[in-house]
Amino acid sequence: MTLNENQLYVHGNLGRSWEYKTVESTGKQLIENALAYQPTKDDETIWIDLSCWEGREGETNHFDAIINATDKGSRVIVRGRLKSRSYKAKDGTQKTGWSMSVWDIATVVRADRKRDEWEGKTAIVDGKPVDLEKEDWF
């Protein structure tokens, strides 16, 4: 097994709805979005362009699953290969742009800040919240 040093996880909110694209030169399909990543509430937001490509055999079933589960504003965590690029902004300054080829994406359910009120009463089962005090879920 080899270590992929470019593989990492990033969390944030999606900046728009997913867009279908086809690369004209190769015919490969992908969906694109942007992720707003903010390490702490006081840090500047970093925008990361996300690309999710078709499978090895050209399958795109995962596109529908991603689009149906997430949309603009969705809180997600993504795993993939992060790349940077330098460019010159309109004002002439050097900037860094970020892009990520996404391998996995998952929605994030945030608990109420009052953790003691939330903990032990609700669980996420098959992607749906379940009230443990009212339902037998196992």
Trainee: Determine whether W18 and T70 make a side-chain contact, defined as any pair of heavy atoms from C-beta on separated by less than 4.5 Å.
Mentor: yes
Trainee: Decide whether W53 and V78 are clustered together by the hydrophobic rule: side chain heavy atoms of Ile, Leu, Val, Met, Phe, Trp, Tyr closer than 4.5 Å, transitively.
Mentor: no
Trainee: Nearest 0.5 angstrom please: L50 CG to S101 OG, how far?
Mentor: 9.5 Å
Trainee: Is a side-chain N or O of E19 found less than 3.5 angstrom from the main chain of E32, in a donor-acceptor match?
Mentor: no
Trainee: Where do Y20 and F63 come nearest, in terms of heavy atoms and distance?
Mentor: CE2-CD1, 3.7 Å
Trainee: So, for Y87 and T96, which heavy atoms are closest and what is the spacing to 0.1 Å?
Mentor: CE2-C, 3.8 Å
Trainee: Taking K72's backbone N and O only, do any of them form a donor-acceptor pair with N13's side chain (distance below 3.5 Å, no angle check)?
Mentor: no
Trainee: Can you see which heavy atom on M100 is nearest to which on L8, and at what distance?
Mentor: CE-O, 3.6 Å
Trainee: Let me confirm one number: the NE2-CD1 distance from H62 to I67, rounded to the nearest 0.5 Å.
Mentor: 10.0 Å
Trainee: Can you tell me if E24 has over 12 outside heavy atoms packed within less than 6.0 Å of its CD?
Mentor: no
Trainee: Locate the shortest heavy-atom distance separating I77 from V108; write the atom from each residue and the value.
Mentor: N-CG2, 3.8 Å
Trainee: A side-chain contact here means heavy atoms from C-beta on lying under 4.5 Å apart; do K88 and Q94 qualify?
Mentor: yes
Trainee: Which atoms form the tightest heavy-atom contact between L35 and G12, and what is the distance?
Mentor: CD1-C, 3.5 Å
Trainee: Of the options D104, I66, I105, L30, which is the one that meets C52 in a side chain to side chain contact (heavy atoms under 4.5 Å, CB included)?
Mentor: I66
Trainee: Between T40 and D42, do the side chains contain a donor N or O and an acceptor N or O under 3.5 Å apart?
Mentor: no
Trainee: Could you tell me if Q7 and R79 have a donor-acceptor pair between their side chains, going purely by distance under 3.5 Å?
Mentor: yes
Trainee: Treating S74 as the side-chain partner and D71 as the backbone partner, does any N or O pair qualify as donor plus acceptor under 3.5 Å?
Mentor: yes
Trainee: Output, in order, the C-alpha distance, side-chain angles, deciding distance and verdict of salt bridge (Lys or Arg N to Asp or Glu O under 4.0 Å) for D49 and R85.
Mentor: CA-CA 11 Å; D49 294 327; R85 66 186 182 291; 3.5 Å; yes
Trainee: Hey, does the side chain of Q38 reach the backbone of D43 with a donor-acceptor pair shorter than 3.5 angstrom?
Mentor: yes
Trainee: If you compare all heavy atoms of W98 against all heavy atoms of S84, which two are closest, and at what distance to 0.1 Å?
Mentor: CZ3-CB, 3.5 Å
Trainee: Using a 4.5 Å cut-off on heavy atoms from C-beta on, say whether the side chain of E59 contacts that of E54.
Mentor: no
